[in-house]
Amino acid sequence: MRNSVNRPPTPDAVEEQEKEHSLQEIINIKLIESGEKERLMELLRERLVECGWKDEMKALSRTRRELELVADELSQLLNTICFLWMYTAWAFIKKKGRNNVTVDDLIHVITPKGRASIPGSIKAELLQRIRTFLASAAL
């Protein structure tokens, strides 16, 4: 074996030839050499298209991208709501004085404004999911 300061040891050509391949490596080498691996890959592609697998994966990918966009929009909405809540709290604290405000006071001021700032479509969707849950749980 030859050694170098800048790289790991390099095996000699004789040592490379003496290395025994695993059964999996031998099969893979034979498949590649014969061209059978490429034919099997092509058959796999055809069968996946025929059974609709490829279209399902595309649809899942689209759905995932759509969910990521919705998540981004929701994140922006939550950031806006948090900003509004923080601003409301800050204004209330400034008005009453820092030492004259309790957590309960802040909750009383922020909660109505926070609820009012949530879009109706989100409220309706959550309400529908709760109704569906209750119906499925037979409550």
Side-chain angles (χ1 to χ4, degrees):
M1 210 174 275
R2 298 177 303 236
N3 293 322
S4 170
V5 176
N6 297 325
R7 60 186 167 82
T10 306
D12 292 329
V14 175
E15 288 179 13
E16 189 69 31
Q17 290 174 352
E18 292 175 359
K19 178 186 170 200
E20 289 187 32
H21 294 287
S22 69
L23 181 58
Q24 183 178 356
E25 291 170 327
I26 293 170
I27 292 170
N28 193 44
I29 290 168
K30 295 293 182 188
L31 286 170
I32 292 170
E33 288 174 348
S34 67
E36 187 63 20
K37 185 170 184 174
E38 187 56 40
R39 288 189 291 276
L40 289 171
M41 293 299 290
E42 185 58 34
L43 178 65
L44 176 62
R45 283 185 207 100
E46 289 173 12
R47 294 295 186 258
L48 291 175
V49 169
E50 288 172 6
C51 75
W53 181 87
K54 187 176 178 182
D55 293 334
E56 287 178 30
M57 294 302 107
K58 281 183 182 178
L60 284 174
S61 177
R62 266 187 251 118
T63 302
R64 182 176 179 187
R65 281 193 301 274
E66 290 169 1
L67 287 174
E68 288 171 351
L69 291 174
V70 169
D72 287 344
E73 290 175 12
L74 182 58
S75 177
Q76 291 172 359
L77 175 65
L78 289 174
N79 286 338
T80 302
I81 291 170
C82 286
F83 174 76
L84 291 172
W85 288 347
M86 289 172 56
Y87 180 77
T88 302
W90 176 79
F92 183 75
I93 292 169
K94 188 174 179 181
K95 179 180 174 185
K96 292 284 190 175
R98 183 176 170 184
N99 295 327
N100 300 325
V101 177
T102 66
V103 172
D104 288 336
D105 292 336
L106 289 175
I107 290 172
H108 257 56
V109 169
I110 293 172
T111 300
K113 292 183 180 188
R115 285 185 181 149
S117 68
I118 297 172
S121 60
I122 293 175
K123 291 178 184 177
E125 181 181 358
L126 291 173
L127 181 59
Q128 183 56 43
R129 286 193 178 198
I130 291 169
R131 285 179 178 150
T132 302
F133 170 76
L134 292 174
S136 68
L139 296 175

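With sequence neighbours excluded, the residues satisfying side chain to side chain contact (heavy atoms under 4.5 Å, CB included) with Leu106 are Ala89, Phe92, Ile93, Val101, Ile110. For the side-chain hydrogen bond (donor to acceptor under 3.5 Å, both in side chains) test, residues two or more places apart in sequence or in another chain that qualify with Glu36 are Arg39. Legend: residues meeting salt bridge (charged side-chain N to carboxylate O under 4.0 Å, His left out) with Glu50, ordered by chain and number and at least two apart, are Arg47. Under the side-chain hydrogen bond (donor to acceptor under 3.5 Å, both in side chains) criterion, Glu42 pairs with Arg45, not counting sequence neighbours. Checked against side-chain hydrogen bond (donor to acceptor under 3.5 Å, both in side chains), Lys96 has no partners two or more places apart in sequence or in another chain. For Ser121, there are no side-chain hydrogen bond (donor to acceptor under 3.5 Å, both in side chains) partners at least two apart in sequence or on another chain.
In terms of heavy-atom proximity, Leu40 sits nearest to Leu31 at CD1-CD2, 4.2 Å.
In this structure, Glu38 CD and Ile32 CD1 are separated by 10.0 Å, a value rounded to the nearest 0.5 Å. In this structure, the separation between CD1 on Ile27 and NZ on Lys37 is 11.5 Å, given to the nearest 0.5 Å. Note that CD of Glu20 and CD1 of Ile26 are 8.0 Å apart. Values are rounded to the nearest 0.5 Å.
The backbone N or O of Glu25 sits nowhere less than 3.5 Å from a side-chain atom of Asn28 that would complete a donor-acceptor pair.
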